[in-house]
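Okay, structure first, notes after.
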Amino acid sequence: MLCPYFMEDAFMRFSKMLIPTMRESPSDAETVSHKLMMRAGYVRQFAAGLYVFLPLGWHVLNKINKILEEEMNSIGAQEISMPILHPADIWQKTGRWHEIKEEMFRLKDRTERDMCLGMTHEEVIAWLASKEIRSYRDLPQIWYQIQTKLRDEARPKSGVLRTREFTMKDSYSLDADEEALDKSYKLHADAYHRILRRCGLKFYQVMSDPGMMGGATAHEFMAPSPAGEDRIELCDECGYTANVEIASSVSPPTKEIEGEYEEVYTPGKKTIKEVSDFLNAELPHFIKSLLFIANEEPVLVLIRGDQRLHEKKLEKIIGLCRAASEEEVLSILGVEAGFIGPMKHRLRILSDNSLAHGTYIAGANRVDYHIKGIRPDIHFKAEWHDLHTVKEGDTCPECNSLIKIEKVIEVGNIFKLGTKYSVLLNAVFLDKSGSERPIVMGSYGIGPARIAAAAIEQNHDKDGIIWPKSIAPFDVEIIPLNVNDTATMEVAELLYRGLKDNNIGVLMDDRDERPGVKFKDADLIGIPLHIILGTHALKDDQIEIKKRRTKEIKKVPIKYAIKEIISAVYETE
RNA sequence: CGGGGCGUAGCGCAGCCUGGCUAGCGCACCUGCCUUGGGCGCAGGGGGUCGGAGGUUCAAAUCCUCUCGCCCCGACCA
C-alpha cells in the first residue's frame with residue numbers, strides 16, 4: 001500500500017468526500033425528504049424516478065441493509081441473489097406476463113426472445129424451489145435478497161419514495177402447509193417490527209389488499225407521514241388498522257326522519273347537493289344511485305348521500321366494471337342520471353349496508369322529481385354489502401369507536417401467497433405419506449430507500465435532517481471551527497483517531513470554511529452528534545458535544561472527551 | 001393515460017405579454033486581501049447551444065408549429 005493513511009481517511013474527511021450541499025433546494029423537489037436529501041447532498045436525480053445515491057446516501061442505505069440482513073438472518077433466512085433480467089416464459093406460466101401491463105419493463109434479446117426486468121421475484125423463487133426442493137424434509141426455507149427491482153411506474157414522484165428502479169429486501173418462505181406458512185409469516189411480521197423499530201420509525205402494521213399477488217392474507221407496514229401516498233384507518237380503542245383500500249367502517253347513523261312516501265317537485269336539481277339544499281335535508285338522508293356495467297350487464301349501486309363509493313369493493317362483488325355513460329343510463333333506466341331512484345327496477349341492485357334502515361330521499365325515476373319516505377325492503381330490494389369508502393367521522397367496524405385516518409408511507413409488506421406460484425411452476429414436494437403436494441409460499445418486501453425517506457419525513461426540523469442514530473451516515477461529526485489553528489487541529493486529530501479506534505463512525509469537517517457554513521451544513525446533514533472545537537471551550541481545555549435533535553450542548557474536558565463522546569453516542573436515539 | 005405548470009450559468013430566479021445594443025441578478029465557483037462561534041467583508045475574474053428542431057422577420061430567449069424533458073393533481077400502483 002502506497003499511502004494507507006490517506007486512502008482510509010478519505011472516506012471520513014469532509015474536504016475529500018463528495019458532499020454537495022445546497023443552500024436552496026431544486027424547484028422540482030416538493031416533499032420534505034426529497035428537498036432535504038437533495039440539499040444535504042445525499043442523492044441526485046438522474047431522470048424521472050431514477051436517482052444516484054451519493055456517498056452519504058449510500059452510507060445510509062448500507063446501514064439500513066445491514067439491519068435488514070441481521071434481522072433476516074436472525075429468523076433463519078438465507079441470503080441469495082437472483083437475476084434482474086428474466087426470460088418471459090416463466091412470467092407467462094404464472095400468467096403475470098399478460099396480467100401486468102405497462103408497469104413491466106420488457107425487451108428482447110438478440111435472438112428475439114421476450115425478456116423482462118424483474119418487478120419482483122416470486123417466479124424465480126418458485127422456479128428455484130421446483131428444481132431444488134424434493135421432500136418435506138427440505139422445508140421450511142426462507143430465502144431472501146437485497147436486490148434491484150424495476151417497475152415502469154406511471155408516475156414516479158416524491159424523490160426516492162416512488163422510483164422506477166429501487167432496491168428491495170425481498171424474502172420468500174417455502175412451507176409444507178398453511179400452518180407452517182403462518183409461522184413463517186409471523187416470523188417475518190416480528191422481524192419487520194424489529195427492523196422498523198431499529199430504524200427509528202413510527203409505523204403501523206395494517207391489513208392490506210393482496211392485490212395481484214393473488215394471496216389471501218396480506219399486511220403492510222406503514223410509516224405515518226403527510227408525504228405518504230396511502231391512507232389507513234386506525235382505531236385507538238381496539239387496535240383495528242387497515243389500508244383504506246380494504247378498510248370497512250360504520251357510517252354514523254342518521255336521525256330518523258318523518259314522512260310518507262311521496263313525490264316532490266325538484267326542477268333541475270340533479271346532484272345530491274342541489275337537491276339537499278333545495279329540500280333542506282341533510283346528505284345522509286339521501287340515496288345515491290349509480291349505474292354500472294359489469295360483463296355487459298347493468299347493475300344499480302346504492303350508497304348513502306354522504307358516502308363515496310369504493311369501486312374496488314364493488315369489483316370484488318361484481319367483477320370488473322365501469323360507470324355507465326349518460327346515454328346508457330337513459331336507455332337502460334329510462335331517466336336521466338340526476339333523477340335515478342332504486343324503486344321499481346328489474347336489474348340487479350347492490351346497496352351499502354348503511355341504507356338497510358331508515359327513511360330516505362332518492363330520485364323518482366322521472367325528470368324533475370324526487371321521492372321522500374323511501375324505506376328499504378319496502379320500496380326497494382337489494383343485496384347488502386359494504387360499498388363505501390371509509391372517512392373521518394365513521395366508527396370502527398369491530399368496536400364502534402371513532403376511527404382516525406392517517407396518511408402513510410408504505411415501507412414494507414407481507415403476503416401469504418399460498419400455492420398459486422408453486423402449482424403453476426410445479427414447485428412440489430413429497431409429504432410424509434409420499435404424496436406430491438405444492439409448496440406453500442409467502443412473500444415479504446421492505447424498501448430501504450423508503451425507510452430512509454420516511455425517517456427524514458418523521459425526523460427533521462427547519463434546519464435539516466435529524467437521523468435516528470441507527471441509520472445515520474456517521475455517528476458523530478467533528479467540527480473544528482478554525483482549521484488554521486494548530487491547537488484546534490491537534491485536538492481534532494486526536495479525537496478523530498480515538499473515535500475511529502473505537503469503531504465510531506466519524507465525519508470530520510476539515511474544510512477551511514467559516515464556522516457558520518459548517519454549522520449550517522452539519523444541521524442539514526443531520527448526523528446525531530456534533531463535536532465542536534472552538535476557542536470558547538478550547539481555552540479551558542474543553543470541547544463541546546452537541547445533540548443535533550435537541551441542540552443541547554455539553555462541555556467536557558479534552559482528556560475525557562473520547563469516553564464522553566462514546567457514551568453520548570450510546571445514549572442518543 | 002387525462003388535467004395543470006415549468007425548461008434562461010452548478011442552484012434559485014428576472015427578462016418573454018409589447019421582437020431590437022454585449023442576456024441579467026442573487027448564491028455557488030476561481031484569484032488576492034481580510035476574517036474565523038451560525039451561509040463574513042472588499043476587489044478582481046471565469047462560466048450561457050436561453051431544452052431541441054423547424055418556421056415568421058432586416059432582426060427571435062421573446063411570435064408560430066412540432067418535439068423532448070421534468071414537476072404537480074388525478075387515474076394507475078407486485
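First the proteins, then the strands, lettered A, B, ... as listed; each starts at 1. The structure displayed is predicted, hence computed values, not measured ones. FYI, side chains are in, hydrogens and waters are out, and symmetry mates aren't considered; it's all heavy atoms of this structure.
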Q. Any idea which heavy atoms bring A:Met119 and A:Met104 closest together, and the distance?
A. SD-CB, 3.7 Å

Q: Go through the N and O atoms of the side chain of A:Asp521 and the base of B:G39, and report whether any donor-acceptor pair is under 3.5 Å.
A: yes

Q: Examine the base of B:G26 for any acceptor or donor lying under 3.5 Å from a partner atom in the side chain of A:Glu24, and report the outcome as yes or no.
A: yes

**Q.** Distance in Å, A:Asp521 CG paired with A:Arg39 CZ, rounded so as to fall on 0.5 Å steps
**A.** 9.0 Å

Any-strand Watson-Crick or G-U partner of [N], both distances under 3.5 Å:
| N | result |
| --- | --- |
| B:C1 | B:G74 |
| B:G41 | B:C33 |
| B:G12 | B:C25 |
| B:C6 | B:G69 |

Q: Can you tell me, in whole Å, how much space there is between the P of B:C66 and that of B:A75?
A: 29 Å

(Q) Roughly how many Å apart are B:G51 and B:A9, using the C1' atom of each and rounding to a whole number? (A) 14 Å

Over all strands shown, is [X] touching base, sugar-phosphate only, or nothing at heavy-atom distances under 4.0 angstrom?
| X | value |
| --- | --- |
| A:Ala29 | nothing |
| A:Ala537 | base |
| A:Lys546 | base |
| A:Ser25 | sugar-phosphate |
| A:Glu544 | base |
| A:Asn484 | base |

Q) Rounded to whole angstrom units, what separation is found between the NZ atom of A:Lys157 and the C1' atom of B:G74? A) 10 Å

(Q) Could you tell me how far apart A:His98 (NE2) and B:A78 (P) are, to the nearest whole angstrom? (A) 18 Å

Q. Do A:His193 and A:Phe221 have ring centres separated by under 6.0 Å?
A. yes

Q: Would you please confirm or rule out a distance under 4.0 Å between OP1 or OP2 of B:C13 and any side-chain N or O of A:Ser27?
A: yes

Q.
OP1 or OP2 of B:G12 versus the side-chain N and O atoms of A:Arg23: is any pair under 4.0 Å?
A. no

Q) Any sub-3.5 Å donor-acceptor pair from A:Asp352's side-chain atoms to A:Leu387's backbone N or O? A) yes

